[in-house]
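Down below is the structure, laid out as C-alpha cells.
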Amino acid sequence: MNLPPRRAGGVTLPVVLVTLAFIGLGFFATGFLAGYEPFLVLGMMLLLGLPHGATDHGLFLALRQGGQGEGKGRFYLAYLGIIAAYGLVWYLLPLVAFGIFILLSVYHFGQSNWVDTEQRPTFTARAHYLLWGMGVLLTPILLHAEEAAAIVATMTDTVIATPALDSVYWIIAVLGLANVVTITTLKMRGVLDTRRTVLELLAYALLTLLFFTNSLLLGFTIYFVFWHSLSSIQDQMQFFERRMSRDLRQKLSVGIGTTVVGALAFCLIVWFGPGPEAALRPAIIGGVFVFISLLTMPHMLLVEQLYTSWSPNDNPPDLPRKEDGAERISFTQSPSATPTYV
Ligand SMILES: CC1=C(/C=C/C(C)=C/C=C/C(C)=C/C=O)C(C)(C)CCC1
C-alpha cells in the first residue's frame, strides 16, 4: 500500500460529516445525545483515540534504528522513566503537573494540525501551534467551565475560579479572531493555498460550533478522536511504511489490535460492572485524565521528535520503501516542496 501524504491537515469529508451530525444532534436532540453520552465518550476514546498512542514503541524504534528491532530495553526504560518522573510531579506539585499537561496538549494538538505546512519548528510555527491548540482546547473547557473545574479539582485538589460567561465569550472571540488572522496571514505569505485556507477557516468554525452545541466531554471526544487521532494515525502509517520492514509493521499491527481488544474488554467490564454513568463521575474522569497525561507525556515527546525529522509531505512516490531494499532513509534533508516560514 502506497499511502498519499495527508492533505488539508487531515480534514476529510467523513470527518466533516461526523462533526456536522454531532452538531445537528447537539442542537436538535440534546436529550437523546445526553442518554448515550457515556457510551459514546468511552467507546470512541477507547476504540479510536487510544490506538493512536499504541504505536509509541514502534515510533521510537523507527526513529532510532530505522526499524531494526533493537533498543527495546532502552525504549521501555526511557518511557517508564519519563512516566515515573512526571508521576512524581503530579504527586508533589499537582497544579504544576496540570499546567504542563495543558501547555503540552495545546502544542501537540496545534502541531498535529499544522505540521505539514510549517514543518521546520521555527518560533513562529511553534507560536501558531500553541494559538490553534488553545482555540480547540480552551473553547470547550471555557464553555463548560463549571464541569471542567469539578474535574480539575479532583486532579489538583484545587478549585479553580471559573470566569463569568461574558469573559468566556470574549476569550473565545479573541482566540477565534487571532486564529482567523493567522490563517489569513499564512495565505497572504503564500504558505497556504486558497483551498487549504478556506478549509482551515471552515474547520475552525465547525469545531467552535461543535463545542457550542455539545457537552464538554462529547465535544472534546469528537475533536480528539476524529480530528486529532485519525490524522495522527494516518501520518504514523505513512512514516512506518518507509521506515520499517513489512515484518515489523505486521508485529506493530498485532500490537494495535491487542490494544483495541483490551480496550473493548475494558468497555465490557465497565458496562456490566459499575455502568458507564458511574464511570463518568468527575473523580473518575479526573483520574482518567491524570492517567492519560502520564501516558501522553512520552507520546508527545516522541511525536515532537517525529515531526522535527519528518513531515507528512516527505513521502514522494518515487522514494524507495523499506521492503524495496532501502536500508535507512534520512528525512532530515527532505525533498519536501512545502514552503516553510521563519
Ligand atoms: C478535555 C478536558 C480536559 C483536558 C484534557 C486534555 C488536555 C487532554 C489531552 C490529551 C492528549 C494530549 C492526548 C494525546 O494524544 C481537562 C482540563 C483535564 C478537564 C476537563 C475536560
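All residue numbers in this chain count up from 1 along the given sequence. In listed order, ligands and their atoms are each counted from 1.
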- Query: Which bit of Leu216 is near ligand 1, meaning a heavy atom under 4.0 Å away: side chain, backbone, both or neither?
  - Reply: side chain
- For atom 8 (C) of ligand 1, which candidate among Phe224, Phe98, Phe101 holds the nearest heavy atom? Phe101
- Protein residue, atom and distance nearest to atom 5 (C) of ligand 1, heavy-atom basis: Phe289 CE2, 3.5 Å
- Message: Checking a contact table here: which protein heavy atom is nearest atom 17 (C) of ligand 1, and how many Å away?
- Response: Ile141 CD1, 3.6 Å
- Message: I'd like to know if the side chain of Thr154 reaches the main chain of Ile151, judged simply by a donor and an acceptor atom lying under 3.5 Å from each other, with no hydrogens or angles considered.
- Response: yes
- Query: Side chains of Asn179 and Glu200: donor-acceptor distance under 3.5 Å anywhere?
  - Reply: no
- Task: Among all protein heavy atoms, pick the one closest to atom 14 (C) of ligand 1 and tell me residue, atom and distance.
- Result: Thr296 CG2, 3.2 Å
- Task: Give the residue, atom name and distance (to 0.1 Å) of the protein heavy atom nearest atom 11 (C) of ligand 1.
- Result: Phe109 CZ, 3.8 Å
- Query: Donor-acceptor pair, Tyr107 side chain versus Arg126 backbone, under 3.5 Å?
  - Reply: no
- Message: Counting C-beta onward and ignoring hydrogens, is there a side-chain heavy-atom pair between Val225 and Phe220 closer than 4.5 Å?
- Response: no
- Task: Could you tell me whether the side chain of His144 and the main chain of Asn214 form a donor-acceptor pair under 3.5 Å?
- Result: yes
- Contact check, side chains of Trp90 and Ile100, non-hydrogen atoms, under 4.5 Å: no
- Task: Answer with side chain, backbone, both or neither: which part of Leu104 has a heavy atom less than 4.0 angstrom from an atom of ligand 1?
- Result: neither
- For atom 19 (C) of ligand 1, which protein heavy atom lies nearest, and how many Å away is it? Ile151 CG2, 3.9 Å
- Query: Heavy-atom contact under 4.0 Å between Met155 and ligand 1?
  - Reply: yes
- Item | Part of His299 within contact of ligand 1 (heavy atoms, under 4.0 Å) | side chain
- Looking at ligand 1, does His228 have a heavy atom less than 4.0 Å from it? yes
- Are side-chain heavy atoms of Phe224 and Leu217 found at a separation under 4.5 Å? no
- Query: Parallel under 30°, tilted from 30 to 60°, perpendicular over 60°: which one fits the rings of Phe109 and Tyr223?
  - Reply: perpendicular
- Item | Top protein contact for atom 7 (C) of ligand 1, by heavy-atom distance | Ser105 OG, 3.4 Å
